[in-house]
Amino acid sequence: MSTLYTVHPSPLGDLLLAGPEPGVLASVTVPGQKGGARVLPDWRRDDAAFAEVVRQFDAYFAGELKEFDLTLATRGSEFRERVWAALERVSYGSTVTYGELTAMAGLQARSVRAVGGAVGANPLTVVRPCHRVIGTSGALTGYAGGLERKRWLLVHEGVL
């Protein structure tokens, strides 16, 4: 079965939403995102398949939703899945450092750089809130979607 996708406008630009079946989200990509998904020849556009995803994104961007409730289907190494699960526990309106996220994932401090790599490889931008991870100094460090989008998201959530 081919991957289903839709494109939905947002304050971050057109979101590319993709997944293996209706209602199941495997990827959210913003324009120009480093390592982001691209529509492949065997993908099939199906706007109706992502109606609930779109509804939740619209509510989030309107300030009416603070936590996504979606069926997710990502595939990563055991390490990445562990980091991504920790990311999902970082609540709306808060931030953590890479070191704090490393501890939340139950990993040793020496893993912090690898944790940064897993955060950067997150296929579900916004839904899995990698924008809430900041540097130890409080600086807005790397974001695959661009630092201006990270700043926008943190302002939107009332952090900045």
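Note that these values count all heavy atoms, side chains included, but never hydrogens, waters or copies made by symmetry. These numbers come from a predicted model, not from an experiment.
Smallest separation of non-hydrogen atoms from Gly120 and Ala144: O-CB, 4.1 Å. Val133 and Leu87 get closest at one heavy-atom pair: CG2-CD2, 3.5 Å. The heavy-atom pair separating Ala18 from Trp43 by the smallest distance is CB-CZ3, 3.8 Å. Summarising the geometry of Ala118 relative to Arg80, their closest heavy-atom pair is CB-CG, 3.8 Å, with the distance given to 0.1 Å. In plain terms, the two heavy atoms of Ile134 and Thr141 that are nearest each other are C-OG1, 4.1 Å. The two residues Arg44 and Leu4 come nearest to each other via the heavy atoms NH2-CD2, 3.0 Å.
In this structure, Leu25 CG and Thr71 OG1 are separated by 9.5 Å, a value rounded to the nearest 0.5 Å. The structure places OG of Ser111 at 11.5 Å from CG of Leu101, a figure rounded to the nearest 0.5 Å. If you take NZ on Lys150 and OG1 on Thr125, they are separated by 10.0 Å, rounding to the nearest 0.5 Å. For the atom pair CZ (Arg82) and CE (Met104), the distance works out to 12.5 Å, reported to the nearest 0.5 Å. One distance of note links CG of Leu15 with CZ of Phe61; it measures 5.5 Å at 0.5 Å rounding.
Ring geometry for His131 against Tyr143 counts as perpendicular: the plane angle is over 60°, on a 0 to 90° scale with 30° as the lower cut.
Between the side chains of Thr74 and Arg128, at least one donor-acceptor pair of N or O atoms lies under 3.5 Å. For the residue pair Ser2 / Asp42, no side-chain donor-acceptor distance below 3.5 Å is found, with atom types taken as modelled.
For the pair Leu160/Leu140, a side-chain contact is recorded, criterion being any heavy-atom separation below 4.5 Å from C-beta on. Proximity of Val28 to Leu16: side-chain heavy atoms (C-beta onward) are nowhere separated by under 4.5 Å. In this structure, Leu72 and Glu88 have side chains that are in contact, with non-hydrogen atoms separated by less than 4.5 Å. Taking the side chain as every heavy atom from C-beta outward, Thr95 and Val90 never approach each other to under 4.5 Å. For the pair Phe79 and Leu107, the minimum side-chain heavy-atom distance is below 4.5 Å. Residues Val119 and Val83 are in side-chain contact: their nearest non-hydrogen atoms beyond the backbone lie under 4.5 Å apart. Within the 4.5 Å cutoff, the side chain of Phe57 has no heavy atoms near those of the Ser10 side chain. At least one side-chain heavy atom of His156 sits less than 4.5 Å from a side-chain heavy atom of Tyr92.
Crowding of Gln108 atom CD: a count of heavy atoms from other residues, nucleotides or ligands under 6.0 Å not exceeding 12. Residue-environment remark: CD (Glu52) exceeds the threshold of 12 foreign heavy atoms within 6.0 Å.
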Determine whether Leu153 and Tyr60 satisfy the following criterion, side chain to side chain contact (heavy atoms under 4.5 Å, CB included), listing intermediate values before the conclusion.
CA-CA 10 Å; Leu153 288 162; Tyr60 170 82; 3.5 Å; yes
So Phe50 and Leu70, side chain to side chain contact (heavy atoms under 4.5 Å, CB included) or not? Walk me through it.
CA-CA 10 Å; Phe50 297 98; Leu70 299 167; over 6 Å; no
Using side chain to side chain contact (heavy atoms under 4.5 Å, CB included), reason through Leu124 and Trp84 one step at a time and then give a plain yes or no.
CA-CA 9 Å; Leu124 291 167; Trp84 296 341; over 6 Å; no
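Between the Arg45 side chain and the Thr6 main chain, no donor and acceptor come within less than 3.5 Å of each other. Side-chain atoms of Glu81 come within 3.5 Å of backbone N or O of Gly76 as a donor-acceptor pair. In this structure a side-chain-to-backbone donor-acceptor pair under 3.5 Å is present from Thr102 to Tyr98. At least one donor-acceptor pair closer than 3.5 Å links the side chain of Arg149 to the backbone N or O of Gly145.
A salt bridge is defined here as a Lys NZ or Arg NE, NH1 or NH2 lying under 4.0 Å from an Asp or Glu carboxylate O, and Glu157 with Arg132 meets this definition. A salt bridge does not link Glu148 to Arg151: none of the charged side-chain nitrogens sits closer than 4.0 Å to a carboxylate oxygen.
Evaluation of the side-chain contact (heavy atoms from CB on, under 4.5 Å) rule for Val54 yields His8, Leu17, Asp58 as partners, not counting sequence neighbours.
There is a path of hydrophobic side-chain contacts, each under 4.5 Å, that joins Leu65 to Val53.
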Please tabulate, one pair per line, all N/O donor-acceptor pairs under 3.5 Å involving side-chain atoms of residues 29-41, not counting sequence neighbours.
| from | atom 1 | to | atom 2 | distance (Å) |
| --- | --- | --- | --- | --- |
| Thr29 | OG1 | Ser27 | OG | 3.4 |
| Thr29 | OG1 | Ala37 | N | 3.1 |
| Gln33 | OE1 | Val30 | N | 3.0 |

